[in-house]
There are 2 protein chains.
Amino acid sequence: MATNSFEDHDHSKCVNDVMTAVEAHCAIHKLQFTPIRRRVLEILLQDHRALGAYDILDILRSEGHSAQPPVAYRALDFLVKNGFAHKIERLNAFVACSHPGEEHTPAFMICRSCESITEAHREPEQGQLGEAARNAGFRIERTVVEAEGLCPKCQD
Amino acid sequence: MATNSFEDHDHSKCVNDVMTAVEAHCAIHKLQFTPIRRRVLEILLQDHRALGAYDILDILRSEGHSAQPPVAYRALDFLVKNGFAHKIERLNAFVACSHPGEEHTPAFMICRSCESITEAHREPEQGQLGEAARNAGFRIERTVVEAEGLCPKCQD
DNA sequence: GTGAGGATGTCATAACATATCAAGAAATGA
DNA sequence: TCATTTCTTGATATGTTATGACATCCTCAC
């Protein structure tokens with residue numbers, strides 16, 4: 001398996017692995033993985049890119065669903081709350097999680113050229129931010145860590 | 001001087017220092033520090049809090065300015081572009097910079113209770129994000145690093 | 001004083017997100 | 001099985017954040 005989504009990889013496996021993991025997680029935790037929620041996650045998984053809620057709505061509409069804004073936002077809330085997707089604050093957009101269901105503190109690398117996104121993992125208490133927080137007496141509950149730049153392929 | 005804005009400090013000195021530094025920077029770089037831009041920065045400096053563009057607009061209006069949205073966004077663009085203010089992506093809001101004009105890579109700690117914000121500084125190439133970027137072959141150009149949690153005072 | 005570029009005034013609208021309430025479906029327990 | 005509760009969805013409306021476009025005006029260099 002590719003260590004990050006900038007590398008060439010078998011994307012259908014990538015999608016299947018995530019869907020399988022999410023299904024299992026929902027079964028265990030008695031979460032309702034309804035058709036809309038499933039479809040929105042599938043849409044996010046199509047690419048390692050972030051999609052806005054209205055991009056998702058457009059796709060849902062083209063498939064015949066009703067698709068007023070709350071439809072997308074509710075599905076996204078469900079996916080984000082349960083760790084199946086993340087919001088990219090810099091872009092006001094959403095991306096499928098690479099490690100669904102597991103507790104983790106993600107960091108993102110966003111290519112400004114091809115818009116691909118790869119997810120890395122951090123330890124919130126370590127590193128420069130953790131140190132700054134300790135110095136300030138600040139108790140971290142959530143972090144947003146996003147880097148913008150150029151992915152390997154777009155540096156040429 | 002306080003090492004971070006969570007501590008008690010002489011805030012009028014805080015404001016004066018920043019305004020003086022910004023004035024100097026604008027003089028040197030031939031930037032037009034116009035009344036609107038100055039006023040918006042003063043508004044941001046009133047507290048170590050982030051304000052939305054429309055919060056700023058409300059204040060400008062209450063002072064008799066015209067104040068259509070572009071008025072605030074243009075002033076904020078100027079302040080951000082020149083390093084006098086930062087956008088807090090998590091909040092879609094803006095905060096005055098503690099170290100105006102200097103090249104730096106900020107990280108923010110946002111108190112979810114009192115909404116105060118303090119700015120720390122990072123080295124983008126170091127730490128966990130820098131390491132993840134090197135591993136992925138990603139070239140970082142900008143970073144968004146924001147922690148949400150509780151400041152020392154609000155932990156009681 | 002004229003021209004070029006930057007700054008502002010103003011209107012309009014795009015893009016992102018949520019409140020509310022009604023109706024329907026699924027899980028729960030008697 | 002039926003009633004109850006809870007979660008999910010449908011639908012309308014609205015709130016919030018941000019930008020496009022164009023006219024006007026100011027400033028500075030020449």
Side-chain angles (χ1 to χ4, degrees), chain A residues 22-23 25-41 43-44 49-61 63-82 84-95 110 115 144 146, chain B residues 22 25-41 43-44 49-82 84-95 110 115 144 146:
Chain A
V22 169
E23 279 162 9
H25 184 97
C26 287
I28 292 169
H29 293 85
K30 302 208 189 287
L31 300 171
Q32 299 185 44
F33 196 37
T34 62
I36 292 182
R37 293 167 175 179
R38 167 183 292 270
R39 186 65 195 121
V40 170
L41 180 57
I43 290 168
L44 289 179
R49 284 182 48 225
L51 292 178
Y54 283 73
D55 296 329
I56 292 168
L57 277 175
D58 288 343
I59 295 173
L60 290 176
R61 281 192 194 112
E63 295 172 350
H65 291 73
S66 75
Q68 295 302 304
V71 171
Y73 282 102
R74 284 169 187 154
L76 289 166
D77 281 350
F78 171 86
L79 296 174
V80 169
K81 189 168 66 182
N82 293 294
F84 307 147
H86 299 290
K87 180 169 186 183
I88 305 296
E89 298 290 347
R90 183 71 179 79
L91 304 177
N92 293 320
F94 300 84
V95 71
I110 308 164
E115 301 187 275
V144 173
E146 299 167 0
Chain B
V22 169
H25 185 96
C26 287
I28 292 168
H29 293 84
K30 303 210 188 287
L31 300 170
Q32 299 186 46
F33 195 39
T34 62
I36 293 182
R37 292 167 176 179
R38 167 182 293 270
R39 185 67 195 120
V40 170
L41 180 57
I43 290 168
L44 288 180
R49 284 183 49 226
L51 291 178
Y54 284 75
D55 296 328
I56 293 168
L57 277 174
D58 287 344
I59 295 173
L60 291 176
R61 283 194 191 110
S62 74
E63 294 171 351
H65 292 72
S66 74
Q68 296 300 305
V71 171
Y73 281 102
R74 284 169 187 154
L76 290 166
D77 282 350
F78 171 86
L79 296 173
V80 169
K81 189 168 66 183
N82 294 293
F84 306 148
H86 298 290
K87 180 169 187 184
I88 305 297
E89 297 290 346
R90 183 71 180 78
L91 304 176
N92 293 319
F94 300 84
V95 71
I110 308 163
E115 301 187 275
V144 174
E146 299 168 1

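Lettering follows sequence order; numbering is per chain, from 1.
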**Item:** Residues in salt bridge (charged side-chain N to carboxylate O under 4.0 Å, His left out) contact with R39(B), at least two apart in sequence or another chain
**Value:**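 In terms of salt bridge (charged side-chain N to carboxylate O under 4.0 Å, His left out), with neighbours along the sequence ignored, R39(B) is linked to E42(B), E63(B).
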**Partner residues of D58(A) under the salt bridge (charged side-chain N to carboxylate O under 4.0 Å, His left out) criterion, sequence neighbours left out** =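 For D58(A) the salt bridge (charged side-chain N to carboxylate O under 4.0 Å, His left out) partners, ignoring immediate neighbours, are R61(A).
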**Asked** Which pair of heavy atoms, one from N82(A) and one from H25(A), lies closest together, and at what distance?
**Response**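 In terms of heavy atoms, the two residues are closest at O-NE2, 4.4 Å.
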**Item:** Residue pair V144(A) / R90(B): nearest heavy atoms and the distance that separates them
**Value:**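 Heavy-atom minimum between the residues: CG2-CD, 3.7 Å.
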**Prompt:** Is there a donor-acceptor pair closer than 3.5 Å between any side-chain N or O of E146(B) and the backbone N or O of E89(B)?
**Reply:**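 Confirmed, E146(B) side chain pairs with E89(B) backbone.
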Can you measure [X] atom [atom1] to [N] atom [atom2] for me and round it to whole angstrom units?
{"X": "I36(B)", "N": "dG9(C)", "atom1": "CD1", "atom2": "C1'", "result": "9 Å"}
{"X": "R61(A)", "N": "dT9(D)", "atom1": "CZ", "atom2": "P", "result": "17 Å"}
{"X": "F78(A)", "N": "dT9(D)", "atom1": "CZ", "atom2": "C1'", "result": "14 Å"}
{"X": "L57(A)", "N": "dT9(D)", "atom1": "CG", "atom2": "C1'", "result": "14 Å"}
{"X": "F33(A)", "N": "dC7(D)", "atom1": "CZ", "atom2": "P", "result": "19 Å"}
{"X": "R90(A)", "N": "dT17(D)", "atom1": "CZ", "atom2": "P", "result": "17 Å"}
{"X": "E89(A)", "N": "dA18(D)", "atom1": "CD", "atom2": "P", "result": "12 Å"}
{"X": "L60(B)", "N": "dT8(C)", "atom1": "CG", "atom2": "C1'", "result": "13 Å"}

**Fill in**
Readout for nucleotides 17-30 of chain C: B = base within 4.0 Å of protein heavy atom, S = sugar-phosphate only, - = neither; 5' to 3' it is BBBB-----S----
**Asked** Taking for each residue the nucleotide of DNA chain C with the nearest heavy atom, is it Q68(B) or R37(B) whose nucleotide lies nearer the 5' end?
**Response**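 Residue closer to the 5' terminus by nearest nucleotide: R37(B).
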**Results of side chain to side chain donor-acceptor pair (under 3.5 Å) for E23(A) - residues two or more places apart only** =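 Side chain to side chain donor-acceptor pair (under 3.5 Å) list for E23(A), sorted by chain: R38(A).
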**Message:** Report for the helix from dG1(C)-dC30(D) to dA30(C)-dT1(D): angle between first-end and last-end helix axes, five pairs each, rounded to 10 degrees.
**Reply:**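 Answer for the end axes of this duplex: 30°.
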**Prompt:** Taking it one step at a time, do L76(B) and L44(B) satisfy side chain to side chain contact (heavy atoms under 4.5 Å, CB included)?
**Reply:** CA-CA 10 Å; L76(B) 290 166; L44(B) 288 180; 4.0 Å; yes
**Message:** Suppose the criterion is salt bridge (Lys or Arg N to Asp or Glu O under 4.0 Å): which pairs have a residue in residues 64-78 of chain B, not counting sequence neighbours?
**Reply:**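 For residues 64-78 of chain B, and leaving out neighbouring residues, there are no salt bridge (Lys or Arg N to Asp or Glu O under 4.0 Å) pairs at all.
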**Request:** Can you label the angle between the F33(B) ring and the F84(B) ring as parallel, tilted or perpendicular, going by 30° and 60°?
**Result:**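 F33(B) vs F84(B) ring planes: perpendicular.
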